[in-house]
2 protein chains.
Amino acid sequence: MTITDARLAISEVAQATGLSAHTLRYYERAGLMLDPVDRASSSHRRYSAGDVNWVEFLTKLRLTGMPIATVREYAELVRRGDSTTEDRLDLLGRHRSAVLAQLDDITKSLAAIDKKIALYKEKATHA
Amino acid sequence: MTITDARLAISEVAQATGLSAHTLRYYERAGLMLDPVDRASSSHRRYSAGDVNWVEFLTKLRLTGMPIATVREYAELVRRGDSTTEDRLDLLGRHRSAVLAQLDDITKSLAAIDKKIALYKEKATHA
DNA sequence: CTAGAACTTCGAGTGCGCTCTAAGTCAAAC
DNA sequence: GTTTGACTTAGAGCGCACTCGAAGTTCTAG
């Protein structure tokens with residue numbers, strides 16, 4: 001019940017997060033939200049600031065390649081409460097390692113692409 | 001006809017590149033190879049060192065998120081010969097930008113994940 | 001009060017990139 | 001020469017993550 005208690009419509013959250021309204025509903029159906037989003041007039045969704053923060057965080061998990069199923073697992077741990085802190089740390093830690101490996105792969109591949117670009121540029125110079 | 005003229009079987013290339021034989025055939029069918037791979041006894045594929053190098057490079061394109069269709073475009077430019085150097089530079093340059101953006105996104109998301117991890121660790125300390 | 005836009009559900013459809021199957025051919029070892 | 005396993009093709013199937021459609025309801029502006 002704070003003064004900042006704005007409840008956003010799905011279209012506003014879509015706007016704010018860059019996801020489509022379709023995708024937001026899909027994520028909720030898929031069990032990715034911590035709780036079902038509140039409703040106004042018992043039909044239209046009203047997102048709280050907490051909901052939006054959560055969507056933003058799970059978007060980062062997705063962006064770094066975490067599968068939907070794993071995001072759901074994580075959400076389930078959060079739902080289960082404080083006793084799951086260790087498990088959450090473990091899950092995020094393992095994901096962190098995967099992301100580091102991913103960054104390494106991409107960086108190495110980028111170096112090869114840069115090499116090829118340099119090669120073409122040199123070729124163009126000698127033309 | 002150099003002294004290093006080893007021709008590899010598809011299984012050996014699979015081994016060497018980390019792709020499956022299925023995927024190697026799929027890539028060829030999809031027009032990703034520069035030329036159809038040579039055949040021994042007019043049936044089994046025999047990959048040249050050049051073929052393998054090419055597969056390794058296109059794997060780096062794929063790893064950095066270039067769609068199959070774009071890899072094919074690039075292969076077509078290479079096939080068309082020296083006159084396409086500018087186009088290839090253009091294509092690779094645009095991809096390079098996309099990869100940099102991708103790295104930035106991932107790095108920013110990773111920072112948020114690290115923050116969350118730090119938060120959980122702190123919580124564990126106060127327990 | 002009414003028109004039109006935005007919302008609802010739920011199931012079907014899409015696009016991508018493999019991945020596998022079946023039925024047959026070929027090659028290397030014995 | 002025969003067996004065993006790797007290879008061939010064409011096409012079907014799959015998993016993932018959306019994305020869309022239809023049919024109906026609700027909100028908002030005039």
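Chain identifiers are assigned alphabetically (A, B, ...) following the order of the sequence lines, protein sequences preceding nucleic acid strands; residue numbering begins at 1 within each chain.
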- Task: Step through the shown structure and confirm whether more than 12 heavy atoms of other residues, nucleotides or ligands are within 6.0 Å of CD on Glu76(B).
- Result: yes
- Value in whole Å for how far the P atom of dG17(C) lies from CG of Leu19(B): 14 Å
- Task: Tell me what Ala30(A) touches on the nucleic acid: a base, only sugar-phosphate, or nothing, going by heavy atoms under 4.0 Å.
- Result: nothing
- Between Tyr26(A) and dC10(C), is there a side-chain N or O to OP1/OP2 distance below 4.0 Å? no
- Interatomic distance, CD1@Ile117(B) vs CG@Leu110(B), rounded to 0.5 Å, equals 8.0 Å
- When Ala69(B) and Ser43(B) are each assigned the nearest nucleotide of DNA chain C, the 5'-most assignment goes to Ala69(B)
- Query: So what does Arg39(A) hit on the nucleic acid, given a heavy-atom distance under 4.0 Å: a base, only sugar-phosphate, or nothing?
  - Reply: sugar-phosphate
- Search all heavy atoms of Arg79(A) against all heavy atoms of Leu34(A) and return the closest pair with its distance. NE-O, 2.9 Å
- Message: dT8(D), OP1 or OP2 - any side-chain N/O from Arg45(B) closer than 4.0 Å?
- Response: yes
- Please determine, for the side chain of Arg62(B), which listed nucleotide (dC20(C), dC18(C), dC18(D)) has the closest atom? dC18(C)
- Message: Please evaluate residues Ile106(B) and Ile106(A) with respect to the criterion side chain to side chain contact (heavy atoms under 4.5 Å, CB included), reporting the C-alpha separation (whole Å), side-chain torsions for both, the decisive distance (0.1 Å), and the verdict.
- Response: CA-CA 11 Å; Ile106(B) 295 174; Ile106(A) 294 174; 3.8 Å; yes
- What is the distance from NE2 of His22(A) to P of dA22(D), rounded to the nearest Å? 12 Å
- Give the nucleotide from the list dT19(D), dC7(C), dC20(C) with an atom nearest to the side chain of Arg29(B). dC20(C)
- Query: Which nucleotide in the set dA6(D), dC20(D), dT8(C) lies at the smallest distance from any side-chain heavy atom of Ser11(B)?
  - Reply: dA6(D)
- Between P of dC7(D) and CG of Leu8(B), the distance in whole Å: 11 Å
- Identify, between Gly65(A) and Arg25(A), the residue whose nearest nucleotide on DNA chain D lies closer to the 5' end. Gly65(A)
- Aromatic rings Tyr74(B) and Phe57(B): how do their planes relate, parallel, tilted or perpendicular, breaks at 30° and 60°? tilted
- Task: Take the protein atom CD of Glu12(B) and the nucleotide atom P of dA28(C), then report the distance between them rounded to whole Å.
- Result: 11 Å
- Message: In this structure, how many angstroms lie between the P atom of dA6(C) and the CZ atom of Arg46(A), rounded?
- Response: 13 Å
- Contact class for Ala9(A) (heavy atom, under 4.0 Å): base, sugar-phosphate, or nothing? sugar-phosphate
- Note on the structure: Arg72(B) atom CZ is separated from dG15(C) atom P, nearest whole Å, by 15 Å
- Separation of dT8(D) P from Asp38(B) CG (nearest whole Å): 13 Å
- Taking for Ser20(B) and for His44(A) the nucleotide of DNA chain C with the nearest heavy atom, the one nearer the 5' end belongs to His44(A)
- Protein-nucleotide distance (Leu24(B), atom CG; dG17(C), atom P), rounded to Å: 16 Å
